[in-house]
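Below is one structure, written out as structure tokens; the observations come after it.
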Number of protein chains: 2
Amino acid sequence: MKRNSRLSSALHVLTHMAETDDRSLTSQHLASFIHTNAVVVRRTIAGLRDAGIVTSTRGHGGGWQLARPPEEITLAEVSAALGESLLPFSTEPESPGCLVEQAVIAALDEFRQQAEKLLAEKLSSITLADIAADYRKRFEKIGVSSHAV
Amino acid sequence: MKRNSRLSSALHVLTHMAETDDRSLTSQHLASFIHTNAVVVRRTIAGLRDAGIVTSTRGHGGGWQLARPPEEITLAEVSAALGESLLPFSTEPESPGCLVEQAVIAALDEFRQQAEKLLAEKLSSITLADIAADYRKRFEKIGVSSHAV
DNA sequence: ACAATTCGTAACTAAATAAGTTACATGAAA
DNA sequence: TTTCATGTAACTTATTTAGTTACGAATTGT
């Protein structure tokens with residue numbers, strides 16, 4: 001799997017959950033959708049459970065389900081729940097005391113703060129239901145299986 | 001050196017160049033500012049040369065200088081010249097033909113496009129001169145050497 | 001000319017990070 | 001009580017990036 005595809009992977013499995021009403025999908029099932037391992041899936045979406053976006057149940061018939069209707073799940077929440085910043089450049093001081101570094105970091109930190117706000121606003125306007133609707137539109141148009149491999 | 005500190009590193013050495021008028025700074029010199037290797041510096045800022053932000057000269061007295069006044073160097077240019085996207089999440093298809101993936105990628109790509117525009121606008125409003133001015137302010141306030149280690 | 005200096009770059013090594021895998025404990029349903 | 005599924009730790013593998021070494025090319029000073 002490529003790097004930094006966690007957001008994409010998470011949205012992929014969430015969309016499958018959105019399209020699977022009243023039934024749990026196992027980690028193994030979700031893993032097969034994105035061609036990876038069940039443990040990787042659990043690890044990836046563990047944060048979504050902690051954030052109240054999905055629920056997991058153990059044992060017979062267990063697996064994963066959306067905790068809320070897809071209309072109430074925004075991409076901003078999903079992104080935040082994955083625990084990764086969308087702006088991963090570092091502003092850690094490496095030479096504390098260097099005034100040039102301090103000036104650079106001050107500029108970048110202010111930018112980061114404003115940028116994260118902007119990005120969160122943008123991502124808040126997109127819900128899982130939007131993606132699911134787009135998927136359905138594509139499905140109706142082409143009329144084939146939902147997962148051609 | 002930490003990961004993804006290339007933007008920070010580049011701005012650091014650029015600020016030093018801005019504060020060093022009429023004189024070239026060698027890769028070795030720049031490297032010592034950010035506690036790294038001269039080859040790493042050359043590699044990092046090679047893109048800045050290609051983008052016309054700095055010039056490099058070989059031989060005796062050679063080294064690096066700004067190609068333009070710092071007022072005319074925006075962070076947007078610097079960031080772009082480093083050749084890294086500020087939004088490094090992947091939208092590469094991994095299961096071509098999967099309609100769910102297509103819907104996810106479509107949503108993320110549209111977001112990316114809008115977000116990159118927003119970020120570029122923000123970064124365009126900050127110039128190297130702004131950072132240099134902030135550095136000078138800090139210098140005057142504290143009144144010590146520019147690179148306490 | 002020739003020596004000294006400095007960038008340009010290829011090739012290799014080392015470190016960090018993330019994915020993938022194995023193993024097993026925990027919990028729940030048939 | 002057997003089976004199924006998650007939770008998680010520990011390990012392996014792959015990828016990326018920084019760091020290093022080496023050397024050629026270009027430029028300046030003597």
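Computed from heavy atoms alone, side chains included, the values below leave out hydrogens, waters and symmetry copies. Chain naming here is simple, since letters A, B, ... match the order of the sequence lines and numbering starts at 1 in each.
Not counting sequence neighbours, the partners of A:Thr20 by the side-chain contact (heavy atoms from CB on, under 4.5 Å) test are A:Arg23, A:Leu25.
With rounding to whole Å, B:Leu82 atom CG is found 11 Å from D:dA18 atom P. Atom CZ of A:Arg6 is separated from atom P of C:dG20 by 12 Å (rounded to the nearest Å). One atom, CD of B:Glu92, and another, P of C:dA19, lie 16 Å apart when rounded to the nearest Å. If you take CZ of B:Arg23 and P of C:dT6, they are 12 Å apart, rounded to a whole angstrom. One atom, CG of B:Asp50, and another, C1' of C:dT9, lie 13 Å apart when rounded to the nearest Å. As a whole-Å value, the separation of B:Ile45 CD1 from C:dT9 P is 13 Å. Between B:Glu94 atom CD and C:dA19 atom C1' there is a gap of 11 Å when expressed in whole angstrom units. One atom, CD of B:Gln28, and another, P of D:dT21, lie 12 Å apart when rounded to the nearest Å.
Dashed line: the shortest gap from a side-chain N or O of B:Thr57 to OP1 or OP2 of C:dC7 is not under 4.0 Å. Taking 4.0 angstrom as the limit, A:Thr26 places none of its side-chain polar atoms (N or O) nearer than this to OP1 or OP2 of D:dA5.
Counted by atom type alone, A:Glu92 and B:Ser5 present zero donor-acceptor pairs between their side chains at under 3.5 Å.
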Show the numbers, then the answer: is there a side chain to side chain contact (heavy atoms under 4.5 Å, CB included) between A:Leu75 and A:Asp130? CA-CA 10 Å; A:Leu75 299 212; A:Asp130 297 327; over 6 Å; no
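For the pair B:Glu77/B:Arg68, a side-chain contact is recorded, criterion being any heavy-atom separation below 4.5 Å from C-beta on. Proximity of B:Arg42 to B:Ser56: side-chain heavy atoms (C-beta onward) are nowhere separated by under 4.5 Å. Two residues are said to be in side-chain contact when any heavy atoms from C-beta on lie closer than 4.5 Å; A:Trp64 and A:Ile45 meet this criterion.
Mapping B:Arg49 and A:Glu84 onto DNA chain C by nearest heavy atom places B:Arg49 closer to the 5' end of the strand.
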Contact letters for nucleotides 21-30 of chain C, in which S counts primed atoms plus P, OP1 and OP2 and B counts the base, heavy atoms under 4.0 Å: BB---BBBB-
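Between A:Glu121 and A:Lys117 there is a salt bridge, with a side-chain nitrogen of the basic residue lying less than 4.0 Å from a carboxylate oxygen of the acidic one.
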